[in-house]
There are 2 protein chains.
Amino acid sequence: MATIDRKKQIVDAATNSFSLFGYKATTIDQIAKIANVGKGTIYTFYKNKEELFHEIISSLIKEMKDGVEDILEEDLLFYEKADRALFKLLEFRTDHQLMIKLIQEEKELGTPTVKEVIQNIENMIIDYLKTIIQKGIEKGEIKPCNPELTAFVMLKLYIALIFDWDQLRKPLEKDEISDLFKLYLLNGLSNR
Amino acid sequence: MATIDRKKQIVDAATNSFSLFGYKATTIDQIAKIANVGKGTIYTFYKNKEELFHEIISSLIKEMKDGVEDILEEDLLFYEKADRALFKLLEFRTDHQLMIKLIQEEKELGTPTVKEVIQNIENMIIDYLKTIIQKGIEKGEIKPCNPELTAFVMLKLYIALIFDWDQLRKPLEKDEISDLFKLYLLNGLSNR
DNA sequence: AAATGACCAAGTGGTTAAAATAGTCATTAA
DNA sequence: TTAATGACTATTTTAACCACTTGGTCATTT
């Protein structure tokens, strides 16, 4: 049709701006300007800046889920599923412009809204892992355990290995991390 | 003797002040006042504020080590040693006034000197765990593995379980955490 | 009915002066 | 002679101020 999709323009402009400058440093005026739209128009679609932000984060979360949804269905062993999913989901922290900016803003400015949103994303990851773990338990591949707590531990382990360990020693390769996951969480350190 | 031990007075005053107000909010004037000592006297013992702080942290680290040194010698299984040591060492974060204040200051102000000092303390913990792990490997109790990396993972796991999990769900009991350590890292999740 | 930008109250940022602070050093006390 | 000191200084930090920006509204225009 001839009419322009103002909502899409706004969302696109906001996504770009949030990705480039972060949440706090992005202004509504800026978004309106980039979107070629009056400022008031934005408020006909969204109650406020935060709501617009949350819509964009919803898309990000959807995008993340879409990237791993097939893993759930594939015929893989528990640890392969978990390993692949975690890598794909955590890869956003290094590859996805918006996610990179959000992590940076949380660390450097501690913007509450951003903190909250990152927590939401982590909760999504935990939720997703939970499903994998539950299936693993049902199939008898792994011992019965609290799926949510286990998901939480797995996420923490991967974050530590991928993003924290290199502050002490030289970074680990992807394969090494997968092996460590198998050693530590799957087979355990015990010799008996 | 009749002469007063000015150095001790300074260290005591500084320890109290750092414990109460943190590193940044403690002033040299304040320390001198509490210690009943001229400000210049402090600089006859220490090059600057940071050096005085580091001396006090050295004492803290010594205190922490002293609290767990016997564990190394006791006739315990690997996981008992590791579990007890980690608990005792991490307990300082909730029980030791100075440590509490430092953790708080790192989170709220991000004072670089404090960050550095907390990193030193964590390195000490990792070093200590490393010894326990190496002994465990030598005795054949656990599989061969990178002791430092394993220590790092164990520390991260305990911190996550003790201090982070309760932001999602209800806090875990000490016993639960020990059991989780055995389940996750020692025996592993695998069913075969 | 949808879109808009001038408008407003609240908050941020830049500026400068005043206060506080870490560290020095000439003087004093032992 | 040596140890201790606090007035002093250079550098930060804080406070107060105002101009500017910002998120959000709403009467007007399209």
Side-chain angles (χ1 to χ4, degrees), chain A residues 1-57 101-102 105-106 108-117, chain B residues 1-18 20-57 101 105-106 108-117:
Chain A
M1 54 190 115
T3 59
I4 18 171
D5 186 347
R6 287 190 170 75
K7 186 163 181 177
K8 186 184 177 329
Q9 282 180 307
I10 292 167
V11 170
D12 286 351
T15 304
N16 282 329
S17 196
F18 286 140
S19 298
L20 275 173
F21 310 114
Y23 177 72
K24 207 184 168 200
T26 290
T27 70
I28 296 287
D29 276 311
Q30 204 176 27
I31 296 174
K33 189 93 59 85
I34 299 173
N36 267 311
V37 142
K39 194 217 281 232
T41 310
I42 294 178
Y43 289 91
T44 65
F45 293 110
Y46 302 97
K47 203 173 87 255
N48 52 35
K49 185 180 175 183
E50 199 168 335
E51 197 180 286
L52 169 57
F53 185 54
H54 272 107
E55 167 137 334
I56 286 165
I57 296 302
K101 202 68 202 177
L102 294 183
E105 185 169 348
E106 148 151 75
E108 288 173 13
L109 307 188
T111 321
T113 306
V114 172
K115 274 190 183 175
E116 188 202 301
V117 144
Chain B
M1 53 190 119
T3 58
I4 15 171
D5 186 347
R6 287 191 169 75
K7 187 165 183 178
K8 185 183 177 329
Q9 282 180 307
I10 291 168
V11 169
D12 287 351
T15 304
N16 282 329
S17 196
F18 287 140
L20 275 174
F21 310 113
Y23 177 72
K24 206 183 168 203
T26 289
T27 69
I28 297 288
D29 276 310
Q30 204 177 27
I31 295 174
K33 188 90 62 83
I34 299 173
N36 267 312
V37 143
K39 193 216 281 231
T41 310
I42 293 176
Y43 289 91
T44 64
F45 294 110
Y46 302 97
K47 202 173 87 256
N48 52 35
K49 186 180 174 183
E50 199 168 335
E51 198 180 284
L52 169 57
F53 184 53
H54 273 108
E55 166 136 337
I56 286 165
I57 296 302
K101 202 69 202 175
E105 185 170 348
E106 148 151 76
E108 288 173 13
L109 308 189
T111 320
T113 306
V114 173
K115 274 189 183 176
E116 187 202 303
V117 144

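Within every chain, numbering begins at 1; the chains are lettered A, B, ... in the order of the sequence lines, protein sequences first and strands thereafter. Just so it is clear, the values below take in all heavy atoms, side chains as well, and ignore hydrogens, waters and symmetry mates.
Nucleotide C/dA1 holds its P atom 24 Å from the OH atom of A/Tyr43, rounded to whole Å. Atom CZ of A/Phe45 and atom P of D/dG24 are 17 Å apart (whole Å). Between A/Lys7 atom NZ and C/dA3 atom P the separation is 12 Å, expressed in whole Å. If you measure from atom CG of A/Asp5 to atom C1' of C/dA3, you get 14 Å, rounded to the nearest angstrom. Between the CD1 atom of A/Ile42 and the P atom of D/dT25 there is a distance of 13 Å, given to the nearest Å. The distance from atom CG of B/Asn48 to atom P of D/dT11 is 17 Å, rounded to the nearest whole Å. Nucleotide C/dA2 holds its C1' atom 14 Å from the CD atom of A/Gln9, rounded to whole Å. Rounded to whole angstrom, the span from the CZ atom of B/Phe53 across to the P atom of C/dA22 amounts to 13 Å.
With a 6.0 Å cutoff to the six-membered ring centre and a 45° limit on the axis angle, A/Lys49 counts as a cation-pi contact of A/Tyr23.
Within the structure, every side-chain polar atom (N or O) of A/Thr44 is placed at least 4.0 Å from both OP1 and OP2 of C/dA2.
Set against D/dT5, D/dG24, C/dA3, the side chain of A/Arg6 has C/dA3 as its closest nucleotide. Side chain of B/Thr41, nearest nucleotide from C/dT4, C/dA22, D/dA4: D/dA4. Of the listed nucleotides (D/dA4, C/dG23, D/dG24), C/dG23 has the atom at the smallest distance from the side chain of B/Lys39. Closest to the side chain of B/Lys49, out of C/dG23, C/dT21, D/dG24, is C/dG23.
In terms of position on DNA chain C, the residue among B/Asp29 and B/Gly40 whose nearest nucleotide sits closer to the 5' end is B/Asp29.
B/Thr26 places a side-chain N or O within 3.5 Å of a backbone atom of B/Ser17 that can act as its donor or acceptor partner. Side-chain atoms of A/Glu105 come within 3.5 Å of backbone N or O of A/Lys24 as a donor-acceptor pair.
Closest approach of A/Glu50 and A/Thr113 over heavy atoms only: CG-CG2, 3.8 Å.
For the pairing with B/Gln9, the side chain to side chain contact (heavy atoms under 4.5 Å, CB included) check across B/Val37, B/Ile34, B/Thr41 returns one residue only, B/Val37.
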